[in-house]
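Working notes for the structure below.
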Amino acid sequence: MRIIKTAVKTFKYLYGLRFEVKGLENFKVGSPCVIVSNHQSILDMMGLMEILPDGCVQIAKKELLYTGSVGLVMYLGGVIFINRKSTSNAKMVMADVAKTMLSENVMVWIYPEGTRNGNGDLLPFKKGAFHLAIQAQVPVVPVVYSSFSSFYDRKKNLFTSGKIRVEVLEPIETKGLTPEDVTELTNRCYSTMRETFFRLSGLVNEPNGSARTHLQ
Ligand SMILES: CCCCCCCCCCCCCCC(=O)SCCNC(=O)CCNC(=O)[C@H](O)C(C)(C)COP(=O)(O)OP(=O)(O)OC[C@H]1O[C@@H](n2cnc3c(N)ncnc32)[C@H](O)[C@@H]1OP(=O)(O)O
Ligand SMILES: CCCCCCCC/C=C\CCCCCCCC(=O)OC[C@@H](O)COP(=O)(O)O
């Protein structure tokens, strides 16, 4: 993954993107942890590699394993593949991951929205990342990337150069939590990340829950 990281980090120069990063010290939890971040597009791969700590593997949809050389590179990079369409299968894989995290002292990076989302807001979070953290009794470290909408047109798949703000938030402890606490932990993480997303993106969170840029 170090080789992939070095290679992918150079792409930002190609695309004229800059990352403004805050809170990297929050990765130093001194133990394995589950990192959760918002997911807007394939560009997130650059954002991922920009701050990816050593000894951190990612959870990906299994379809990506069958994307030719990229799939092979991901496999060799230690990416863990899950079948999003089968909760029981995904649960089994994630239960194994909880054990491996502790035995091999690795961090796990998961996109709790479960899919790319460029709508200028966060999708409701899936619960797998939070079950994993509670099963392993390790902290959750939220990471938020600002909206790409200021420089990336999803429909035309075109983007100009731009700055992406990234914030690594305070770790959320799960010691002593049980599966009954998953929903509360998920909601707490969701609201903290959504608030940060609006702040970093210069968006105002409307009383009705929608978002608009404060420039409008
Ligand atoms: C040049 C080449 C360079 C290559 C460079 C690339 C290198 C890096 C590659 C990085 C790739 C990144 C790719 C990212 C993706 O692919 S994102 C898409 C895949 N990821 C996810 O989907 C993660 C988020 N999804 C989840 O965590 C889900 O929870 C999942 C485990 C998949 C289950 O799906 P679903 O059923 O839809 O989810 P729910 O959360 O609604 O859960 C349903 C009920 O099941 C309970 N549940 C969920 N997980 C667990 C668990 N682990 N243990 C026990 N119970 C679980 C959950 O509580 C729900 O029940 P209740 O409603 O609470 O009763
Ligand atoms: C055309 C723009 C190209 C920009 C290139 C930026 C740098 C990309 C770096 C490496 C390229 C290979 C990365 C392969 C991993 C793709 C990760 C990804 O974004 O998969 C989608 C998945 O999460 C969710 O799938 P869905 O949204 O549910 O379907």
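Given the structure is predicted, the values throughout are model-derived calculations rather than measurements. Note that these values count all heavy atoms, side chains included, but never hydrogens, waters or copies made by symmetry. We count ligands from 1, going down the list as the structure has it; atoms in each ligand are counted the same way. Index from 1, following the sequence.
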*asked:* Just to check, does Q135 reach to within less than 4.0 Å of ligand 1 when the distance is taken from its heavy atoms?
replied: yes

*Passes side-chain contact (heavy atoms from CB on, under 4.5 Å), F130 versus L177? Steps please.*
CA-CA 10 Å; F130 308 98; L177 296 187; over 6 Å; no

*Around atom 19 (C) of ligand 1, find the nearest protein heavy atom and jot down its residue, atom name and distance.*
K61 N, 3.6 Å

*Does V182 reach ligand 1, in the sense of a heavy atom lying below 4.0 Å from it?*
no

*Is there a protein heavy atom less than 4.0 Å away from atom 64 (O) of ligand 1?*
no

_Atom indices of ligand 1 within 4.0 angstrom of I110 heavy atoms, with elements_ = 23 (C)

*asked:* Looking at non-hydrogen atoms alone, which of A95, A98, A90 comes nearest to atom 31 (C) of ligand 1?
replied: A90

*Heavy atom of the protein closest to atom 10 (C) of ligand 1 (residue, atom name, distance)*: M45 SD, 3.7 Å

*asked:* Can you confirm whether I3 is buried at CD1, in the sense that more than 12 heavy atoms of other residues, nucleotides or ligands lie under 6.0 Å from that atom?
replied: no

*asked:* Can you confirm whether R188 is buried at CZ, in the sense that more than 12 heavy atoms of other residues, nucleotides or ligands lie under 6.0 Å from that atom?
replied: no

*What protein heavy atom is closest to atom 33 (C) of ligand 1, reported as residue, atom name and distance in Å?*
T87 CG2, 4.2 Å

*With heavy atoms of I59 as the reference, note each atom of ligand 1 found under 4.0 Å away.*
14 (C)

*Donor-acceptor pair, side chain of E104 and main chain of M101, under 3.5 angstrom*: no

*Considering distance alone, does some N or O of Y111 sit under 3.5 Å from an N or O of ligand 1?*
no

_Shortest protein contact, atom 61 (P) of ligand 1 (heavy atom only)_ = K127 NZ, 3.8 Å

*asked:* Would M49 count as a contact residue for ligand 1, given that I'm defining contact as a non-hydrogen atom of the residue lying under 4.0 Å from a ligand atom?
replied: yes

_Sidechain-backbone polar pair: S103 side chain, T100 backbone, donor-acceptor under 3.5 Å_ = yes

*Applying ring-ring contact (aromatic ring centres under 6.0 Å, His included), which residue pairs with at least one partner in residues 26-53 are found, sequence neighbours left out?*
H39-Y111

*asked:* Testing the basics here: between I35 and P53, what is the closest heavy-atom pair and its distance to 0.1 Å?
replied: CD1-CG, 4.0 Å

*asked:* Enumerate the ring-ring contact (aromatic ring centres under 6.0 Å, His included) contacts for residues 165-195, please, sequence neighbours excluded, ordered by first and then second residue.
replied: F125-Y190

_Donor-acceptor under 3.5 Å (K12 side chain, K9 main chain)_ = yes

_Could you report the tightest heavy-atom contact between G23 and V168, atom names first, then the distance?_
O-CB, 3.2 Å

*Of the protein's non-hydrogen atoms, which lies at the shortest distance from atom 49 (N) of ligand 1, and what is that distance?*
G128 CA, 3.5 Å

Identify all pairs of nitrogen or oxygen atoms, one from ligand 2 and one from the protein, separated by less than 3.5 Å, and list them with distances.
residue  : atom   : partner : partner atom : Å
ligand 2 : 23 (O) : H39     : NE2          : 2.5
ligand 2 : 25 (O) : K61     : NZ           : 2.9
ligand 2 : 27 (O) : T115    : OG1          : 3.0
ligand 2 : 27 (O) : R116    : N            : 2.9
ligand 2 : 27 (O) : R116    : NE           : 2.7
ligand 2 : 27 (O) : R116    : NH2          : 3.4
ligand 2 : 28 (O) : R84     : NH1          : 2.7
ligand 2 : 28 (O) : R84     : NH2          : 3.3
ligand 2 : 28 (O) : T115    : OG1          : 2.7
ligand 2 : 29 (O) : K61     : NZ           : 3.0
ligand 2 : 29 (O) : R116    : NH2          : 2.8

*Over all heavy atoms of both residues, which pair between I42 and R116 is shortest? Give the atoms and the distance, please.*
N-CD, 4.1 Å

*asked:* For atom 32 (C) of ligand 1, what's the nearest protein heavy-atom neighbour? Residue, atom name and distance, please.
replied: I82 CD1, 3.8 Å

*Report yes or no: does R194 contribute a side-chain atom to a donor-acceptor pair with the main-chain N or O of L122 at less than 3.5 Å?*
no

*Can you tell which of M46, H131, K126 gets a heavy atom nearest to atom 58 (O) of ligand 1?*
H131

*ligand 1 and M94, any nitrogen or oxygen pair closer than 3.5 angstrom?*
no

*Any heavy atom of I4 sitting closer than 4.0 Å to ligand 1?*
yes

*Of all heavy-atom pairs between M193 and V143, which one has the smallest distance, and what is that distance?*
CE-O, 3.4 Å

_For L64, the ligand 1 atoms whose distance to one of its heavy atoms is below 4.0 Å_ = 13 (C), 16 (O)

*Is a donor on one side and an acceptor on the other found under 3.5 Å between the side chain of K5 and the backbone of M49?*
no

Please table the atom pairs, donor to acceptor, closer than 3.5 Å between any side-chain atom in residues 60-78 and protein atoms at least two apart or in another chain.
residue : atom : partner : partner atom : Å
E63     : OE2  : K85     : NZ           : 2.6
T67     : OG1  : L64     : O            : 2.5
T67     : OG1  : G71     : N            : 3.3

*Heavy atoms only: which of G114, P179, A129 is nearest to atom 21 (C) of ligand 1?*
G114

*Heavy-atom closest pair, residues T174 and V138*: OG1-O, 2.8 Å

*Provide, to 0.1 Å, the distance between atom 2 (C) of ligand 1 and the closest protein heavy atom, together with that atom's residue and name.*
V73 CG1, 3.9 Å

*Can you name the closest pair of heavy atoms from S31 and P139 and give their distance?*
OG-CD, 3.9 Å

_Nearest protein heavy atom with distance in Å, relative to atom 11 (C) of ligand 1_ = M74 CE, 3.8 Å

_Yes or no: does L132 have any heavy atom under 4.0 Å from an atom of ligand 1?_
no

